[in-house]
Amino acid sequence: MSRHPLEPALEAAVGADHVLFGKRALMQIAGKAAGDIEPPAPTWVVQPASAAEVADVLRACSRERVMVVPWGTGSTHALHARDERTRVVLDMRRMTNVLHLDETSLVVHAQAGLTARTLEELLIPRGLTLGDFPPAALGSTLGGLLSARGAGRLTPRHGFLEDACLGVSAVLADGRTIHTRVAPRRATGPDLSRVLMGSEGTLGIITGVVLRIDRRPESRLYGAHAFPPTLDNPVAAAIEAVKRALAEDARPTAMGVYDPAALAAHYGAEAVPGDLAGGCVLVTATAGLVDLAAADLAIIGDAAAAGGAQPLGPALAETWWTMRARAYGMGYAAAAPLPPGSDARRSALEAAKLGGPGAAGTLAPVDLEVYARLDDLPRLYATGVAHIRAQGAEPRAHIGRFDSAGGILFLAGAPALDQAAREKLADVLAPLGARRARATFGDPALAKYLHDLKRELDPHGILNPDRAPPRAEAA
Amino acid sequence: MSDSHVAGKNDPATEHCTYCPKLCRHACPVAAADTREALVTQQKMQALGELRVGRRPWTEDAAAPVYGCTGCGLCTRYCSHEIPVGETLLTARRELAAHGAAAPVTHNFAQRFAARDRALVSALRSRFTATDFAPRGAQGKVGFLPGCDSCASEDGLTDVERTLALFRALGLDARLVDLDPAAGPLCGGMPLASLGDDVALAELARRHAASLASYEVVVMSCPGCVGLMRTRFAALGAPLSARIVHLTEFLAPHTERLARQAGTGPGARVHYHDPCHLGRGLGVYEAPRKLLAAAGMETAEFAWSHADSQCSGGGGLLPITMPETSRAMARRRLGELEANPDNGDAPIRVVTACPTCKRSLGRAASGRTEVEDIASVLARALGVTT
Amino acid sequence: MIHPSQAERLASACAKVVGSARVSRATSDRHSYARDQWPRVLIGMRDGKGAPFPPDVVAWPTTTAEVAALVRVARELGVPVVPYAAGSGVCGGAAPIYGGLVIDTKPMDRILALDTRNATVRVQAGMNGERFERELNRRGFTLGHFPSSIYCSTVGGWLAARGAGQMSTKYGKIEDMTLGLEVVTGRGDIVRTGVDGRAAAGPDWTQVFIGSEGTLGVLTEGTLRLRRSPELRILRGFELPTVDAGMQAIRAVMQRGLRPAVVRLYDPFDSFLAMRHRAEAAAAAGDEGAAYVPTPPPAKGLAGRLARSLASARQRVQDTLLAGALARPRILNPVLDSLVPKLARKGCLLIVGCEGAARRTEVEARLTFAELERAGGRDLGEGPGLNWLKKRYAVSYRQSTLFAAGAFADTMEVASTWERLPDLYESVREAIGRHAMVMAHFSHAYPEGCSIYFTFVAHAPDRARMERVYDAIWSDGLSAAARAGGTISHHHGVGLSKGAFMAEEHRESMAILRSLKSVMDPDGVMNPGKLGLAAPPRLTDVARAS
């Protein structure tokens with residue numbers, strides 16, 4: 001087979017060692033679990049180490065009109081070609097340097113291939129943290145996290161992850177390199193980094209991110225409240241308590257509403273308080289200065305009590321908090337704060353990574369997650385659970401990732417729902433206000449603008465075309 | 001500092017306004033209802049300043065913004081320089097006339113004003129019997145001089161009738177000023193002051209001084225004219241011997257008696273509209289509210305009330321110079337109540353203490369909203385409507 | 001200016017959209033839209049120049065559909081469209097520099113929906129700030145957005161320029177409280193952002209249109225997040241020995257996770273003025289300060305008093321210290337530096353305030369004050385805080401006095417991360433200080449940084465030299481800000497005056513801005529020449545010729 005003209009250019013850009021070809025390359029980066037990935041057309045995996053190398057790769061691909069798919073740790077769907085176009089998979093995972101850690105401003109500038117979890121591991125020994133974002137999200141690369149939008153990547157204490165992003169570095173299709181300059185806020189036109197964030201690599205490849213970070217919290221406090229089945233609608237009462245607490249300015253680090261089945265599935269039958277069938281539990285973690293954390297806990301406690309809940313004490317919520325973190329290999333992040341640099345800290349970190357106390361646990365799988373307004377969540381919960389039961393499965397559900405406007409409902413069945421059943425469930429919930437992540441591009445009237453913007457920034461359409469807005473909407 | 005920069009070739013008020021970032025924008029009810037930028041207080045004052053120093057030609061178009069003011073005084077409340085914008089703009093209208101830039105509708109206004117005043121006096125004299133008027137010649141009596149906008153309609157004359165009935169019911173010996181059937185004068189002259197016509201105003205003041213000479217107290221329902229007669233007439237060379245009081249000031253000492261006579265009423269809910277000249281002008285905010293409460297009413301408030309009250313659109317001759325804008329102001333004022341979810345779909349009652357406000361708001365009232373005069377409302381509460 | 005025959009066509013086409021009563025070519029109307037509050041224009045006006053940028057036609061639409069139709073009309077004729085509401089911007093952003101059509105959005109000033117359960121509001125762009133806030137207060141809510149221009153600015157203007165209020169440290173800037181927008185694009189389409197919220201794919205269009213200053217389209221409506229009216233407000237003054245100590249103290253508070261509503265640190269000269277102002281205020285009678293409503297004495301004939309206050313202001317500017325000093329700022333600023341702390345016998349004043357739901361506010365205030373004391377702050381009690389609250393919009397009123405007295409004043413608001421902030425402060429202060437008397441305060445604090453608000457006053461013998469001084473201040477000041485790694489604007493926007501510095505601010509990212517522009521407004525009709533975006537040649541050629 002003769003050499004494709006692109007290959008020498010790729011090798012010149014990143015070095016021959018970092019240009020891999022074909023099925024073997026895909027299998028190698030996707031790992032065993034990915035199954036069989038058979039590329040229908042010539043496919044390279046290219047592993048750049050810097051924005052400059054990314055720029056060289058894009059210039060070459062632009063010249064040859066070869067499509068480029070950025071890849072981090074994300075879904076292996078991205079590796080399955082949808083057409084017979086020649087492609088370059090841009091494996092970002094060599095780009096793992098922290099470029100600048102500003103401990104005065106609490107700002108970190110890191111390359112996009114670094115996973116949030118790895119970054120957190122680097123921050124912790126310094127007494128720093130990304131913040132208590134949902135551990136489930138943090139396994140992704142920073143570039144991946146910020147390239148795609150997600151409703152639930154937040155903690156009421158720190159806000160949304162993308163709001164913590166003060167700027168990005170990126171490379172456009174023609175190899176132009178962009179660094180948005182860092183300022184806490186500015187009033188100099190549109191937020192240009194927000195054009196790239198959320199565009200899933202279709203307008204440019206994010207090569208670096210500047211994130212606001214935080215110090216490790218001084219304290220962590222936990223609380224749990226049972227909304228008994230004797231209430232009219234225990235889930236509605238729990239959501240109302242969440243809403244009231246947020247309106248009272250509480251800034252917990254996380255809150256979750258669990259039905260007994262979900263509680264048992266995730267945290268063991270012993271986690272479920274007695275006679276809760278038909279009711280639910282609100283678990284809460286707060287953090288920060290101890291008086292503030294205590295105030296937040298008290299505000300939430302009062303809101304729950306006003307809704308008819310009974311206090312359960314902190315143990316259940318502490319279990320929830322630590323197991324949830326351990327499940328994603330972040331047990332250390334959930335641990336009580338320790339003096340920076342101490343041996344105890346280091347060994348806790350090692351333990352979390354290597355196994356032993358604080359090692360990775362597992363959580364029960366989730367079949368469908370949807371985002372909805374707070375007001376819509378109780379009805380969605382009831383409808384979803386009833387639908388799963390009607391399909392002959394034992395339903396379980398929890399609700400979390402709350403912001404002042406909405407939250408995420410996690411639904412599952414035992415036995416698990418198959419793909420068709422999940423889609424059916426989503427169809428049932430959609431008219432009631434349930435939204436799935438990235439299912440739409442917002443107002444259809446804006447689609448043509450996104451389409452045209454892509455044509456402006458990527459005239460040959462080489463950047464991740466699979467995620468560009470569908471043509472039908474772009475009419 | 002070169003001469004070109006020296007302030008003072010213009011008067012400080014217009015100059016300050018010229019350099020101001022329009023900080024009373026939220027306060028001007030004219031600009032809120034009619035969003036032409038030329039009607040923002042700052043622009044009106046800048047226009048005046050530029051006319052005066054010759055940067056704008058004295059044309060009707062260039063001068064038009066100067067008419068876009070009702071003299072309500074709310075802007076001054078939000079001016080840390082306390083610039084008397086209303087007074088400045090209203091007074092300046094005589095300069096427009098002198099330069100031939102006056103709005104055509106204001107031409108010969110003084111003559112038309114005088115003719116209207118005579119017509120209203122004769123309407124008033126023919127509507128009421130001799131016993132409704134104060135006895136001629138007696139000294140130390142209390143006379144009632146209704147606002148001219150009350151005398152311009154049957155509805156307004158009914159308010160006058162009820163005011164007299166209210167006086168009687170409260171045992172107050174106050175009757176209509178015994179106006180000269182041929183010469184009046186009835187109106188205190190706010191319309192003339194609104195065009196800065198000091199010549200006609202001085203003439204009117206002299207006639208009032210003569211007409212009211214035998215009264216100790218003159219009660220007026222029009223707060224604008226109360227303020228004018230109290231503060232300006234002396235300066236115009238016609239000091240009044242009588243004490244001029246507004247109707248609500250006159251009634252205030254009798255609030256308790258009113259309460260006793262009214263008994264416990266049905267507790268109707270009314271919105272009280274503070275007339276600009278009564279509130280910001282005379283500082284009377286509580287007396288009318290207490291009177292309404294004494295008569296068993298629950299007084300609800302506009303969003304902008306008391307010292308923040310918004311003009312009904314009736315002042316400053318705006319109904320003549322900019323009738324559309326004037327109507328829009330009144331509609332806006334009432335629209336707030338109609339849009340307020342607290343009021344549901346229930347009928348809305350608005351009470352005010354100024355015939356001009358009543359007339360202006362009344363014209364804009366929808367079927368759902370009724371605008372009433374305070375004396376009429378109080379009289380009805382006492383059951384003495386006729 | 002466009003050709004008169006074209007203006008005629010434009011006016012009659014607009015009249016078909018909104019009715020002839022809502023379109024004007026009258027001189028008085030055109031002149032009233034011929035500038036915003038860019039102080040450089042006032043320098044010229046004082047010298048007898050008229051307002052410099054009259055549009056050719058003004059239209060007052062009442063619906064979004066009308067706005068869209070007007071944009072299409074202008075687009076067909078290829079004439080500029082400048083959205084204009086209250087015109088309170090200080091950067092020339094709303095000035096119709098190439099004439100054309102002004103679309104005044106002020107007739108669109110209604111609250112469309114107030115969702116009290118979910119604390120959100122849909123409001124039209126032309127809504128006046130103070131009127132809006134009061135209506136929300138009446139319903140038990142606050143937006144928490146208190147720019148000193150709140151009396152004279154609109155929701156649309158806040159959104160268009162990425163504004164900030166004085167309590168942004170708790171409530172955020174306008175972009176932090178916006179959930180969605182309705183926009184008429186430069187193509188004349190009506191689009192909504194924020195549909196499906198963060199669940200939607202693609203760029204966050206809300207954050208694209210916020211700050212676009214009319215260059216991409218006309219903002220017609222916003223959906224904003226509200227907060228309940230605060231149950232409790234606790235204010236304090238602290239005295240910090242130095243600016244540096246003050247910065248450290250604010251940083252410590254913010255990085256502890258505390259979110260006071262207000263944090264303002266005045267540098268020594270600004271502290272001196274703030275303190276003197278306080279003394280004056282205390283001397284004046286009537287201290288009953290209504291929080292939202294300033295209560296100056298009732299209106300009366302005050303022309304005499306006004307004249308006196310002007311005379312005394314002029315006196316102040318002209319007196320030996322200042323008159324000489326304003327012309328020789330290089331000498332003045334060091335003199336003030338050494339003199340002012342002694343005069344005032346004070347260091348830097350810091351105003352801090354917490355507000356919100358009672359329970360958390362109490363705790364937050366206690367912890368915040370403790371943190372400030374730990375950082376070397378001396379508690380001055382609530383007096384300075386209450387006084388600030390009462391006088392918080394007063395600063396804008398001083399502009400008239402200064403201009404009437406023959407000087408000029410302006411403000412420059414820059415921001416950076418904490419690491420760069422001391423350098424940013426020193427560099428910009430030094431750069432402006434070459435030309436003007438300069439003072440600064442630090443406000444709008446974030447865990448990662450802060451904004452600095454420079455106020456400068458200068459004077460020159462004639463208009464030409466005054467404009468040169470003015471331009472030099474901006475050129476030197478913004479270059480210094482960019483060199484120090486700060487942003488050239490935290491909340492005033494770019495408009496005309498900072499356009500030349502956009503390339504330095506965004507560098508290669510300008511490519512994205514230019515792409516957005518060509519996509520949203522392919523004919524370049526939307527507010528041409530602003531935001532550092534070049535106007536189409538057909539407009540610049542006409543402008544050059546006239």
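Convention: sequence-line order gives letters A, B, ...; per-chain numbering from 1. Note that the structure is predicted; figures quoted are calculated from it, not measured.
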Max heavy-atom pairs within cutoff under 4.5 Å with chain A, candidates C:G485, C:G495, C:A357, goes to C:A357

Taking every heavy-atom pair that is under 4.5 Å apart, which of C:R228, C:Q255, C:R225, C:E213 has the most such pairs with chain A? C:Q255

Picking from A:G204, A:G198, A:A183, A:G406, which has the most non-hydrogen pairs under 4.5 angstrom with chain C? A:G198

Examine A:R149 relative to A:F160 and say whether NZ or CZ is less than 6.0 Å from the centre of the six-membered ring and inside a 45° cone about the ring axis. no

Does the distance from a Lys or Arg side-chain N to an Asp or Glu carboxylate O, for A:D249 and C:R360, drop under 4.0 Å? no

Any donor and acceptor pair, going by atom type alone, linking the side chain of C:T361 with main-chain N or O of C:G356 inside 3.5 Å? yes

Measure C:E362 against the heavy atoms of chain A and call it side chain, backbone, both or neither at under 4.5 Å. neither

Applying a strict 4.5 Å limit to non-hydrogen atoms, the region of C:L513 in contact with chain A is both

Got a donor-acceptor contact below 3.5 angstrom from the C:D115 side chain to the C:T120 backbone? no

Proximity breakdown for A:D214 and chain C, heavy-atom pairs closer than 4.5 Å: side chain

Give, as side chain, backbone, both or neither, the part of C:M254 having an atom under 4.5 angstrom from any heavy atom of chain A. neither

Relative to chain C, which segment of A:T177 carries a heavy atom at a distance below 4.5 Å: side chain, backbone, both, or neither? backbone

A:V107 versus chain C, heavy atoms under 4.5 Å apart: side chain, backbone, both or neither? side chain

Selection from C:K530, C:E231, C:R366, C:R251 maximising heavy-atom pairs under 4.5 Å formed with chain A: C:R251

Which atom names give the shortest non-hydrogen contact between C:S416 and C:G486, and what distance separates them? CB-CA, 3.9 Å

Region of C:R507 in contact with chain A, defined by heavy-atom distances below 4.5 Å: side chain

For A:E200, is it the side chain, the backbone, both, or neither that has a heavy atom closer than 4.5 Å to a heavy atom of chain C? side chain

Which bit of C:R117 comes within less than 4.5 Å of chain A, counting heavy atoms only: side chain, backbone, both or neither? both

Considering only heavy atoms and a distance below 4.5 Å, find which of A:L457, A:D375, A:D302 pairs most often with chain C. A:D375

Given 3.5 Å as the limit, does a donor-acceptor pair link the side chain of C:T206 with the main chain of C:T193, or not? no

Heavy-atom contact with chain A under 4.5 Å, split by part of C:K498: neither

Just give me the residue among C:L531, C:L533, C:L367 that pairs up with chain A most often, heavy atom to heavy atom, under 4.5 Å. C:L367

Note: vs chain C, highest number of non-hydrogen pairs under 4.5 angstrom among A:M197, A:R153, A:E240 is A:E240

Taking atom types as modelled, find out whether A:D132 and A:T253 have a side-chain donor-acceptor pair closer than 3.5 angstrom. yes

Taking NZ, NE, NH1 and NH2 as the nitrogens, is one of them in C:R420 or C:D423 under 4.0 Å from a carboxylate oxygen of the other? no

Can any side-chain N or O of C:K517 pair as donor or acceptor with the backbone N or O of C:M526 at less than 3.5 Å? yes

Of the backbone (N, CA, C, O) and the side chain (C-beta and beyond), which part of A:R185 lies under 4.5 Å from a heavy atom of chain C, both, or neither? both

A:K448/C:D189 salt bridge by N-O under 4.0 Å criterion: yes

Okay, C:A482 and chain A: the region with an atom under 4.5 Å from a heavy atom over there is both

Quick check on the interface: out of C:F209, C:F501, C:W205, who has the most heavy-atom pairs with chain A under 4.5 Å? C:W205

Examine distances only and state if a side-chain atom of A:S105 and a backbone atom of C:E419 form a donor-acceptor pair shorter than 3.5 Å. yes

Strictly distance-based, threshold 3.5 Å: is any side-chain N or O of C:T223 a donor or acceptor partner for the main-chain N or O of C:L179? no

Test item: C:W418 side-chain N/O and C:Y446 main-chain N/O as donor-acceptor pair under 3.5 Å: yes

Taking the side chain from A:R212 and the backbone from A:D163, do they hold a donor-acceptor pair closer than 3.5 Å? yes

Which one of A:L106, A:I178, A:V370, A:T188 has the most heavy-atom pairs closer than 4.5 Å to chain C? A:T188

For A:A405, which atoms come within 4.5 Å of any heavy atom of chain C: side chain, backbone, both, or neither? neither

Given a strict heavy-atom distance threshold of 4.5 Å, which part of A:L196 is in contact with chain C: side chain, backbone, both, or neither? side chain

Under 4.0 Å between a Lys/Arg side-chain N and an Asp/Glu carboxylate O for C:D204 and A:R194? yes

Would you call C:R256 and C:E371 a salt bridge, taking side-chain N to carboxylate O under 4.0 Å as the test? yes

Identify which of A:I213, A:V182, A:D296, A:T180 forms the greatest number of heavy-atom pairs closer than 4.5 Å to chain C. A:D296

Which answer fits C:H492, side chain, backbone, both or neither, if we ask what part of it has an atom under 4.5 Å from a heavy atom of chain A? backbone

Under 3.5 Å, is there a donor-acceptor pair linking the side chains of A:E456 and C:S518? yes

Contacts of C:E175 meeting salt bridge (Lys or Arg N to Asp or Glu O under 4.0 Å) (sequence neighbours excluded), chain-then-number -> C:R162, C:K173

Is C:A119 in contact with chain A via its backbone, its side chain, both, or neither, using a 4.5 Å heavy-atom distance? neither

Please state whether the side chain, the backbone, both or neither of A:A298 comes within less than 4.5 Å of a heavy atom of chain C. both

Counting only non-hydrogen atoms closer than 4.5 Å, does A:D403 touch chain C with its backbone (N, CA, C, O), its side chain (CB onward), both, or neither? neither

If you count heavy-atom pairs within less than 4.5 Å of chain A, which of C:L258, C:I174, C:D176, C:V414 leads? C:D176

Under 4.5 Å from any heavy atom of chain A, what part of C:I190 do you find: side chain, backbone, both or neither? backbone

For C:R359, is it the side chain, the backbone, both, or neither that has a heavy atom closer than 4.5 Å to a heavy atom of chain A? side chain

Quick one: salt bridge (Lys or Arg N to Asp or Glu O under 4.0 Å) partners of C:R483, sequence neighbours excluded? none

Examine whether an atom of C:C450 lies under 4.5 Å from a heavy atom of chain A, and if so say whether it belongs to the side chain, the backbone or both; otherwise answer neither. backbone

Residue, of A:R435, A:R181, A:R176, A:E248, that accumulates the most heavy atom pairs under 4.5 Å with chain C: A:R181

So for A:R467, is it side chain, backbone, both, or neither that comes closer than 4.5 Å to the heavy atoms of chain C? side chain

